[in-house]
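Here is the structure we will look at, set down as structure tokens.
For the numbers below, each heavy atom of this structure counts, side chains included, while hydrogens, waters and symmetry mates do not. Protein chains get the first letters and strands the later ones, always in sequence-line order, with residue 1 at the start of each.
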Amino acid sequence: MAEVFLPKGMRDLLPAQMIPRLAVIDTVRGVFRRFGFEPLETPAMERIETLMGKYGDEGDKLIFRVLKRGEGGERGEVDQALRYDLTVPLARVVAMNPALPMPFRRYQIQPVWRADRPQKGRFREFTQCDVDICGSESPLCEAECLAVASAALTELGFRDFTIRLNDRRILAAMAAAIGAPDRLMSMVTAIDKLDKIGEDGVRKELAQHGFAEDAADSLFAMLNGGHIPGIEAEDAGLDVIISHAQALGVPAGRVVKDRMLARGLDYYTGPVYEIVVTEPKIGSIAGGGRYDELIGMFSGRSVPAVGVSLGLERIFVVMEELGMLGAAASATEVFVTRFAESTLTETLQAAAALRAAGVATSLSLEGGKLGKQLKQADKLGARWALVVGPDEAKQGLVQLKDLRGGGQESLSLAEAIARVQQAR
RNA sequence: GUGGGUGUAGCUCAGUUGGUUAGAGCGCCAGGUUGUGGCCCUGGAGGUCACGGGUUCAAUUCCCGUCAUUCACCCCA
């Protein structure tokens, strides 16, 4: 075997993967459009200072850095980086384009890169499908995000998924209530593991981070529904989001408030959410939240914003494992065989006519034995094969062979085209 | 960044308690005569047993390292 390797955590997408993938992307894009979001694309790279300091320490470490060109690169200097998500580039775009009509609703489906160690459902290059709304503080924004994500997943065939909902300010209030407002993140990462390591495990981890036992006690009391001082407004806000989302079509019960939901990225300021499936253990397939300060970090002009991001690769892993994809169809509908030199012109004209009629048509380039050509068509996964030999050419007909069912018949070209079109 | 698994034919994997010519299934190629795939039959090609070092009379098999890959942790889509 050849001694060549892909970059770690990156993959080729062969036709068998691309065909269902494009179908999924088409579905998602269609839902985004239906919800009134506008398309946007941004460059693969950003300036390093655009990305740094937005995601937190963990995130910053995982940014793929690009060396300066020329002498600076030789000295190891970095001035650019591959984008880590689609949210920060969007914030940069909004900051640079003050003329954009607000609120600005955009969708963006593009790859992002993270220098993570790959594992199941995790890659170094993966595609995010984002929708965001910039310029509005209304809780309708959150509701729209939940509704569009829910609709996209539903249209893809997902039935069993849950949206966990929380608010960063509720977490902050809990940290304050146990006297550790400065250690919000270590508290959050500890409780985030509750379903994995249990209450005892979390208590142990909290102790390691220097939380006193009575602090842990009151923390668990709050997590289990106890009173958290000063979060009445935020808590009510979550209920408003839920009721708006339901009115927008999200089934009741799909959105659940969850005081343990943390979300690691630094830029979130208010409500946060993520979408999880129970079946394959894959983490979240979507996540998002409100980030009212991010755009202001670029322009000084504060612009509130909310978004949600669907992880295409994870959605794919789930769909594969749950058998939601169905058989991969070939891109080719008709394979035109090349029978004899004397009828090559008629053969090529037949291919041209099929293509003009919108039929995906491939063509035997090398010719050779008819049996071999049919085998090639079969392996390709083509539905039909077309033969134009001397017998057919004499009568002005073509031979259309059904590679799935079996039979074949002599038809005029127009009849053959009609047959192919009505069979799909 | 941390910890574990794996690396034998194009693919999925057997196997050698260290010992002459390393196997299977699938795939591939050719054939089963004249213009027909999927099934069947026959024949064939294809492997430095990841790479480097060590132990040994002898290593694909044991040990170490490197590389690759995979799973988990962290974090995340």
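- A donor and an acceptor atom never sit less than 3.5 Å apart when one is taken from the side chain of Glu58(A) and the other from the base of rG1(B).
- For the OP1/OP2 pair of rG37(B) and a distance below 4.0 Å, the side-chain nitrogens and oxygens of Gln376(A) include no atom meeting the criterion.
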Verdict with supporting geometry, Phe37(A) and Tyr107(A), ring pair (Phe, Tyr, Trp, His ring centres under 6.0 Å):
CA-CA 6 Å; Phe37(A) 289 89; Tyr107(A) 75 83; 7.8 Å; no
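- Considering all non-hydrogen atoms of both residues, Arg168(A) and Ala262(A) come closest at NE-O, 3.3 Å.
- Across all strands shown, rU56(B) remains unpaired; no Watson-Crick or G-U wobble contact has both distances below 3.5 Å.
- Comparing rU2(B), rC71(B), rG35(B) against the side chain of Lys120(A) picks out rC71(B) as the nearest.
- The CE atom of Met45(A) sits 12.5 Å away from atom OG1 of Thr50(A), with the distance rounded to the nearest 0.5 Å.
- Where Leu370(A) and Lys281(A) meet RNA chain B, the nucleotide closest to each residue was compared, and Leu370(A) sits on the side nearer the 5' end.
- For the residue pair Thr269(A)/Glu293(A), the side-chain donor-acceptor check at 3.5 Å is not satisfied.
- No contact: Asp85(A) has no heavy atom under 4.0 Å from any strand.
- The side-chain ring of Phe5(A) is not stacked on the base of rA68(B), judged by centre separation under 5.5 angstrom and plane angle under 30 degrees.
- One finds no side-chain N or O of Lys61(A) lying less than 4.0 angstrom from the OP1 or OP2 phosphate oxygen of rC74(B).
- In this structure, Arg124(A) places its CZ atom 10 Å from P of rA68(B), rounding to the nearest Å.
- Pair assignment for rU48(B): none, as no Watson-Crick or G-U wobble contacts are both less than 3.5 Å.
- Taking side-chain N and O atoms only, Lys379(A) has no distance below 4.0 Å to OP1 or OP2 of rG38(B).
- Under the Watson-Crick or G-U wobble criterion, with both distances below 3.5 Å, rU6(B) is paired with rA68(B).
- The same atom, P, is picked in rA77(B) and in rG3(B); the two are 26 Å apart, to the nearest Å.
- One interatomic measurement links the two molecules: CG of Asp116(A) to C1' of rC71(B), which rounds to 14 Å at whole-angstrom precision.
- Contacts of Glu205(A) with the nucleic acid, taken as non-hydrogen atoms under 4.0 Å apart, are absent.
- Among the heavy atoms of the strands lying under 4.0 Å from Val387(A) is at least one base atom, whether or not backbone atoms are also near.
- Between Glu46(A) and Pro89(A), the shortest heavy-atom contact is OE2-CB, 3.4 Å.
- Aromatic ring orientation, Tyr55(A) versus Tyr84(A): tilted (interplanar angle from 30° to 60°).
- Within the 4.0 angstrom heavy-atom criterion, base atoms lie near Gly121(A).
- Residue contacts shown for Ile275(A) are absent, as no nucleic acid heavy atom lies under 4.0 Å away.
- With P as the reference atom, rU66(B) and rC71(B) are 22 Å apart, rounded to whole Å.
- Both Glu392(A) and Arg314(A) lie near RNA chain B, and the one whose nearest nucleotide falls closer to the 5' end is Glu392(A).
- Pair assignment for rC29(B): rG43(B), on the basis of Watson-Crick or G-U wobble contacts that are both within less than 3.5 Å.
- Considering Arg122(A), Arg21(A), Gln128(A) as possible partners of Glu313(A), the one that fulfils the side chain to side chain donor-acceptor pair (under 3.5 Å) test is Arg21(A).
- On the P atoms, rA22(B) is 15 Å away from rA50(B), given to the nearest whole Å.
- The distance from atom NZ of Lys372(A) to atom P of rG27(B) is 17 Å, rounded to the nearest whole Å.
- The distance from atom CD1 of Ile282(A) to atom C1' of rA72(B) is 13 Å, rounded to the nearest whole Å.
- Comparing rU48(B) with rG10(B), their P atoms are spaced 8 Å from each other, to the whole Å.
- Looking at heavy-atom distances under 4.0 Å, Leu265(A) makes contact with sugar-phosphate atoms alone, never a base.
- With rounding to whole Å, Gln408(A) atom CD is found 7 Å from rU36(B) atom C1'.
- Under the Watson-Crick and G-U wobble criteria, each requiring two contacts below 3.5 Å, nucleotide rU12(B) is paired to rA24(B).
- Taking every side-chain heavy atom of Lys369(A) into account, rG31(B) is the closest of rG31(B), rU36(B), rC73(B).
- Distances from the side chain of Lys8(A) to the nucleotides rU69(B), rA30(B), rG37(B) place rU69(B) closest.
- Across the strands present, rG1(B) finds its partner in rC73(B); the criterion is a Watson-Crick or G-U wobble pair with both atom distances under 3.5 angstrom.
- Atom name C1', nucleotides rU6(B) and rG44(B): the rounded distance is 33 Å, in whole Å.
- Rounded to the nearest Å, the gap between the C1' atom of rG38(B) and that of rC75(B) is 49 Å.
- Nearest heavy atoms, Ala382(A) versus Phe335(A): CB-CB, 4.1 Å.
- Closest non-hydrogen pair, Gln399(A) versus Gln408(A), comes out as OE1-NE2, 3.4 Å.
- You'll find that the side chain of Asp391(A) is closest to rG35(B), out of rG35(B), rU36(B), rG3(B).
- Across all strands, Asp60(A) comes closer than 4.0 Å to no nucleic acid atom at all (heavy-atom distances).
- Between Arg263(A) and the phosphate of rA77(B), there is a side-chain N or O to OP1/OP2 separation shorter than 4.0 Å.
- With hydrogens and angles ignored, a donor-acceptor pair under 3.5 angstrom links the side chain of Arg122(A) to the base of rC75(B).
- For rG37(B), its base never sits under 3.5 Å from the side chain of Arg404(A) at any donor and acceptor pair.
- Rounded to whole Å, the C1' atom of rC41(B) lies 42 Å from the corresponding atom of rC51(B).
- Among the atoms of the strands shown, none is found under 4.0 Å from any heavy atom of Ala377(A).
- Taking the C1' atom of each, rG15(B) and rU21(B) are spaced 16 Å apart, rounded to whole Å.
- Distance, Asp378(A) CG to rC39(B) C1': 12 Å, rounded to whole Å.
- Taking side-chain N and O atoms only, Gln119(A) has a distance below 4.0 Å to OP1 or OP2 of rA72(B).
- With hydrogens and angles ignored, no donor-acceptor pair under 3.5 angstrom links the side chain of Gln373(A) to the base of rU36(B).
- Atom pair Phe335(A):CZ and rU36(B):P shows a separation of 16 Å (rounding to whole Å applied).
- Between Leu62(A) atom CG and rG1(B) atom P there is a gap of 10 Å when expressed in whole angstrom units.
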